[in-house]
Number of protein chains: 2
Amino acid sequence: MIFVGIVEDDDLIRKSIQDFLNRQQGFRCDWSYNSIESLLLHLRAESLPQVLIMDLGLPGMSGIDGMKLIKQQYPQIDLVVFSVYNDPQKIFDSLCAGATGYLLKNTPLDEIKSAVELLVNGGSPMSPQIARKVIEFFAPRGKREVTSPLSSKEKEIVVGLVDGLSYKLIADRLSISIETVRFHIKSIYRKLHVHGKAEVISKSLRGEI
Amino acid sequence: MIFVGIVEDDDLIRKSIQDFLNRQQGFRCDWSYNSIESLLLHLRAESLPQVLIMDLGLPGMSGIDGMKLIKQQYPQIDLVVFSVYNDPQKIFDSLCAGATGYLLKNTPLDEIKSAVELLVNGGSPMSPQIARKVIEFFAPRGKREVTSPLSSKEKEIVVGLVDGLSYKLIADRLSISIETVRFHIKSIYRKLHVHGKAEVISKSLRGEI
DNA sequence: CGTTCAATCCCATAAACATGGGGGTGATTA
DNA sequence: TAATCACCCCCATGTTTATGGGATTGAACG
C-alpha cells in the first residue's frame with residue numbers, strides 16, 4: 001500500500017487526484033491540504049504519507065519554501081512537484097528544495113499514478129520537457145572554450161587563483177618568476193574586464209572561462 | 001521518419017537494436033558503428049542520423065570523449081547513452097559531454113523505441129535510476145546549512161566576497177563599518193580554516209558553505 | 001544576574017595585490 | 001622582413017588584505 005498526500009489550492013484538481021488515487025489498488029490518499037500552512041498544522045509524525053504531490057503556486061507560503069520546511073522536518077517523505085511552471089529557475093529551485101520528481105499539470109491521472117509508483121521504487125518521474133531542461137542544465141548550449149580569450153598559460157594561472165594560491169605559490173607551481181605571474185594576471189584582468197582575483201575565481205567556477 | 005544511428009562494440013546488441021528499429025514503422029537505422037573511430041571515419045555531413053545511441057565502454061576512444069567530438073562537429077545530433085554504468089560520475093560526465101538521454105542496458109527494445117521518439121519530440125529519456133541520480137545532484141543528501149558554522153551575517157559577507165567586492169564596498173552594501181567587515185572575515189577564516197578570500201569564494205561556489 | 005555570543009567598531013603592522021611603466025625571447029605570419 | 005603574439009623578467013607606487021590586539025552593546029540562557 002502506497003500512502004500519498006497532496007497540497008494543491010485548486011479544490012477541483014486536488015479532489016480529482018485524491019479520488020482517483022483512492023480508487024486505485026494499493027493506493028491510499030488521505031492527506032489533502034490546500035496550503036503549506038495547513039499541512040504543517042495538521043501533519044503528524046505518527047501518520048505520514050510516503051509521497052507528497054506538491055503544487056508550487058499556493059496561497060501563503062510558496063511551494064518551494066514549503067518543500068524546504070517539509071524536507072527539513074520529514075526528510076523521509078518523497079516530494080513530487082505538480083505545477084504549470086516549466087521555466088528552468090522554478091525547476092532548479094524545486095530540485096534544490098528537495099523535490100525528487102516534477103510533473104507538469106497537463107499530466108493525465110494514470111501517469112500520476114505511475115509517477116508515484118516510480119517514486120517509491122527509487123525512480124524520479126519527470127515530464128519530458130522538464131527532463132530536457134534538467135539535462136540542459138549540465139551542458140548549456142552556449143559553448144565556452146570557443147569564447148575564452150585566455151592563452152593556455154593564463155588559464156593555468158587562473159587554476160592557481162581558484163586554488164587560493166598567492167602569486168608566489170603560483171610562480172613556484174609553474175616554475176616561473178612571480179613577476180611573470182603578475183604580468184599574466186594583468187593580461188587576464190584586461191581580457192576579462194575584471195579588477196581583482198575574486199571576480200576571476202567567480203567567473204571561472206561559473207564556467208564562464 | 002526518424003533516422004537513428006548506433007555506436008556499440010557488442011555485435012549482438014548492436015544488430016539486435018538495429019534490426020528491431022528497422023522493423024518499426026517510421027524508423028530507419030542505417031548508421032551502425034562499433035567504435036568512435038569508425039564513426040568519425042564514415043559519417044558524412046550529407047547524411048546524418050537525428051539520434052545516436054551511444055555505448056560508453058568502447059574499444060579505443062571512450063564514449064564520453066567521442067560524444068564531445070561528435071557534438072562539436074555535428075551539434076544537431078541528439079545523443080542518448082546506452083550503458084551498464086549507473087555511477088554518478090559517468091552520468092555527470094555524459095551529460096556534460098552533450099548527451100540528452102541516458103538509458104541503462106537492461107532497457108527493453110520497445111522502450112528504446114519510445115526513448116528515441118521522446119528525444120526527437122524534445123524530451124529527455126532516462127532510466128528511472130538515472131533520473132534519480134541526476135536529481136540528487138541538485139540536492140545532495142548531505143545537508144549543507146546544518147554543517148555551515150557561519151552566522152547569518154557572516155554568510156552575507158561571503159556573498160559580498162563572491163561578488164568580488166572590496167571590504168569597503170561590502171561595508172557599504174551592508175551599511176556597517178569596514179572594521180566590522182574585517183572582524184567578520186577574520187571569524188570566517190578561522191571557522192573555515194582558510195587564509196584568504198580566494199579560498200572562501202571557491203568553497204562557497206562549490207556549495208561547501 | 002552573570003555568561004555567552006553575535007554584532008558593532010577602533011588601531012597597528014606586515015604581507016599581498018593592482019597597476020603603471022620598462023625591457024627581452026622565439027615562433028608564426030603577412 | 002616587419003609585425004604579432006605568447007611568454008619571460010624587472011621596478012616603483014599605492015591600495016587592499018591578513019592578522020594580531022582591543023572595546024562596547026544587546027539578546028539569549030541557564
Side-chain angles (χ1 to χ4, degrees), chain A residues 65 68-69 72-73 143-209, chain B residues 72 143-209:
Chain A
D65 291 335
K68 289 182 194 165
L69 282 183
Q72 204 172 327
Q73 207 162 350
K143 301 293 169 63
R144 42 188 96 285
E145 64 260 60
V146 190
T147 63
S148 173
L150 300 188
S151 72
S152 61
K153 206 70 189 187
E154 287 163 349
K155 279 187 253 187
E156 289 184 69
I157 288 186
V158 169
V159 173
L161 290 177
V162 171
D163 289 345
L165 305 180
S166 68
Y167 290 5
K168 177 75 179 64
L169 287 176
I170 294 176
D172 289 349
R173 178 191 277 190
L174 301 182
S175 302
I176 56 179
S177 156
I178 190 175
E179 292 296 334
T180 307
V181 174
R182 271 217 258 269
F183 170 82
H184 285 303
I185 286 181
K186 276 190 277 189
S187 305
I188 293 170
Y189 288 176
R190 188 167 22 81
K191 290 180 180 176
L192 296 183
H193 309 292
V194 299
H195 303 85
K197 59 179 184 174
E199 293 173 79
V200 175
I201 295 171
S202 291
K203 275 195 185 259
S204 173
L205 288 175
R206 294 210 186 92
E208 294 175 26
I209 295 181
Chain B
Q72 203 172 327
K143 305 292 169 65
R144 44 184 96 286
E145 64 259 61
V146 189
T147 61
S148 174
L150 300 187
S151 73
S152 61
K153 208 69 190 187
E154 288 163 349
K155 279 186 253 186
E156 291 185 69
I157 288 186
V158 169
V159 172
L161 289 178
V162 171
D163 289 344
L165 305 180
S166 69
Y167 290 5
K168 177 77 179 64
L169 287 176
I170 295 176
D172 289 349
R173 177 191 279 191
L174 301 182
S175 301
I176 56 179
S177 153
I178 190 175
E179 291 298 333
T180 308
V181 175
R182 271 215 254 269
F183 170 83
H184 285 303
I185 285 181
K186 277 189 277 190
S187 306
I188 292 169
Y189 289 175
R190 188 166 22 80
K191 289 180 179 175
L192 296 183
H193 309 291
V194 300
H195 303 84
K197 59 179 183 174
E199 292 173 81
V200 175
I201 295 171
S202 291
K203 273 194 187 264
S204 173
L205 288 174
R206 293 207 186 93
E208 293 175 28
I209 293 180

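Chain letters run A, B, ... following the sequence lines, proteins first and then strands; every chain starts at 1. Bear in mind the structure is a predicted one, so any value in this text is a computation, not a measurement.
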Between the side chain of B/Ser202 and the main-chain N/O of A/Asp163, is any donor-acceptor distance below 3.5 Å? no
Looking only at side-chain atoms of A/Ser151, point me to the closest of D/dA6, D/dC8, C/dA12. D/dA6
With sugar-phosphate meaning primed atoms plus P, OP1 and OP2, does A/Ser177 contact a base, only sugar-phosphate, or nothing at under 4.0 Å between heavy atoms? sugar-phosphate
B/Ser152 has a side chain; which of D/dC9, D/dC7, C/dA7 sits nearest to it? C/dA7
Just the rounded figure in Å: distance from C1' of D/dT17 to CZ of B/Arg190. 17 Å
Taking only side-chain N and O atoms of B/Ser187, does any of them lie within less than 4.0 angstrom of OP1 or OP2 on C/dA6? no
Candidate list B/Glu154, B/Lys197, B/Lys155, test side chain to side chain contact (heavy atoms under 4.5 Å, CB included), partner B/Ile188, passing option: B/Glu154
Sorted by position of nearest nucleotide on DNA chain C, 5' first, the leading residue of A/Glu179 and B/His184 is B/His184
Please report, rounded to the nearest Å, how far the C1' atom of D/dT17 is from the CD1 atom of B/Ile178. 10 Å
Test log, rule side-chain contact (heavy atoms from CB on, under 4.5 Å), inputs A/Arg173 and A/Val181: CA-CA 11 Å; A/Arg173 178 191 277 190; A/Val181 174; over 6 Å; no
Should we count NZ of B/Lys191 as having more than 12 external heavy atoms under 6.0 Å? yes
Of the options C/dC17, D/dC9, C/dA7, whose atoms approach the side-chain atoms of A/Lys197 most closely? C/dC17
Which protein N or O atoms sit under 3.5 Å from an N or O of nucleotides 21-25 of chain D?
unit_1, atom_1, unit_2, atom_2, d
D/dG21, O6, B/Lys186, NZ, 3.3

Would you say a side-chain N or O of B/Tyr189 is under 4.0 Å from OP1 or OP2 of D/dA18? yes
Between residues 160-176 of chain B and DNA chain C, which residues have a heavy-atom gap below 4.0 Å? B/Ile176
